[in-house]
Trainee: 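I have a structure I would like to understand better, so I am pasting it below and will then ask my questions one at a time.
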Amino acid sequence: KMTQPHQREKVNILVTGTPGVGKTSFCEKLGQDLGFEVLNIGEIVKENQLYSSFDNEYKSYILDEDQLLDFIEDRMNSKEGGIIVDHHGCDFFPERYFNIVIVLRCNNTVLFDRLEKRGYSEKKITENIECEIFSTILEEAKESYAEHRVFELVNETEEEQLENLQKVKNLISKWEEDK
Ligand code: ADP
Ligand code: MN
């Protein structure tokens, strides 16, 4: 009953990476271009109160993984597919959820500016920059998903975003041909 990646009619895509690398902007465009549904995990967690607590120091909700997975399971398990998931972590989703895992990347100075504009505290900025420098999310993705499904894309400029959109569309076309 659990839908495996090759059984889907359309691919499911995970877009992950450190906060500020451009996931949400990228997912919105990709979703529009492909007519895919986008699940912004942070927003779903907030709207549906799928958190276990609020971290006052970081001013953010601690999501409850079991509650979240219950909440999205039917959609992620559908044979139709065509879902884009936007989240900064990736190790707690079942591997079978995704055909393609995109890890967006950004250099320090660009990331710093984006996080500062967002009004993040110095501590939160530093932690996120370190997360990016140490390729934490890329390593997490490689540990959690088959390596042939994981793609690292630099996403520092508008031009690169356009190139990346095209790269993902090419990956989808290739998947459809191989199917
Ligand atoms: P995330 O969802 O990963 O936290 P966002 O999509 O919210 O990142 O983007 C963070 C900021 O960076 C936003 O102000 C957004 O407009 C900007 N941004 C995102 N992608 C790019 C890009 N490729 N080039 C320039 N600016 C970008
Ligand atoms: Mn986002």
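Both ligands and their constituent atoms are indexed starting at 1 by order of listing. Every heavy atom of this structure was used, including side-chain atoms; hydrogens, water molecules and symmetry mates were not.
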Trainee: Are any of the N or O atoms of Gly22 closer than 3.5 Å to those of ligand 1?
Mentor: yes
Trainee: Find out if a path of hydrophobic residues (ILVMFWY) with successive side-chain heavy-atom gaps under 4.5 Å connects Phe92 to Val101.
Mentor: yes
Trainee: Heavy-atom pairs closer than 4.0 Å: do any link ligand 1 to the side chain of Thr24, the backbone, both, or neither?
Mentor: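 The part of Thr24 near ligand 1 is both the backbone and the side chain.
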Trainee: Using a heavy-atom cut-off of under 4.0 Å, does the side chain or the backbone of Pro19 touch ligand 1, or both, or neither?
Mentor: backbone
Trainee: Heavy atom to atom 4 (O) of ligand 1, shortest distance: which of Arg118, Glu158, His88 holds it?
Mentor: Arg118
Trainee: Answer with side chain, backbone, both or neither: which part of Lys23 has a heavy atom less than 4.0 angstrom from an atom of ligand 1?
Mentor: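 The answer is both.
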Trainee: Considering only heavy atoms of Thr157, which atoms of ligand 1 have at least one such atom less than 4.0 Å away?
Mentor: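 Close to Thr157: 22 (C), 23 (N), 24 (N).
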Trainee: Check the hydrophobic clustering (I, L, V, M, F, W, Y; side-chain heavy atoms under 4.5 Å; chains of links allowed) and say if Leu14 and Leu30 are grouped together.
Mentor: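 They do not share one cluster, since no chain of ILVMFWY contacts under 4.5 Å joins Leu14 to Leu30.
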Trainee: Within the structure, does Asp86 bring an N/O atom to less than 3.5 angstrom of an N/O atom in ligand 1?
Mentor: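 Looking only at distances, the answer is no, because the N/O contact criterion of under 3.5 Å is not met.
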Trainee: For Leu165, is there any backbone N or O sitting under 3.5 Å from a side-chain donor or acceptor partner on Lys29?
Mentor: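 Between the backbone of Leu165 and the side chain of Lys29 there is no qualifying donor-acceptor contact (under 3.5 Å).
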Trainee: With heavy atoms of Ser25 as the reference, note each atom of ligand 1 found under 4.0 Å away.
Mentor: 5 (P), 6 (O), 9 (O), 15 (C), 19 (C)
Trainee: My understanding is that we take every heavy atom of each candidate and find the minimum distance to atom 12 (O) of ligand 1. Doing that for Glu28, Glu159, Arg114, Lys117, which one comes out nearest?
Mentor: Arg114
Trainee: Does any N, O or S atom of Thr24, backbone or side chain, fall under 2.8 Å from the Mn ion (ligand 2)?
Mentor: yes
Trainee: Any side-chain to backbone donor/acceptor pair from Asn12 onto Ile83? Under 3.5 Å, distance only.
Mentor: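 Here the side-chain-to-backbone pair exists.
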Trainee: Under a 3.5 Å cutoff, is there a donor and acceptor pairing between the side chains of Asp86 and Thr24?
Mentor: yes
Trainee: Side chain to side chain contact (heavy atoms under 4.5 Å, CB included) with Phe71: which of Ile41, Asp66, Asn48?
Mentor: Asn48
Trainee: Ignoring hydrogens and angles, state whether a donor on the side chain of Glu132 or Asn108 is under 3.5 Å from an acceptor on the partner side chain.
Mentor: no
Trainee: With heavy atoms under 4.0 Å as the rule, classify the contact between Glu156 and ligand 1 as side chain, backbone, both or neither.
Mentor: backbone
Trainee: Among side-chain atoms of Gln7 and Lys79, is any donor-acceptor pair under 3.5 angstrom?
Mentor: no
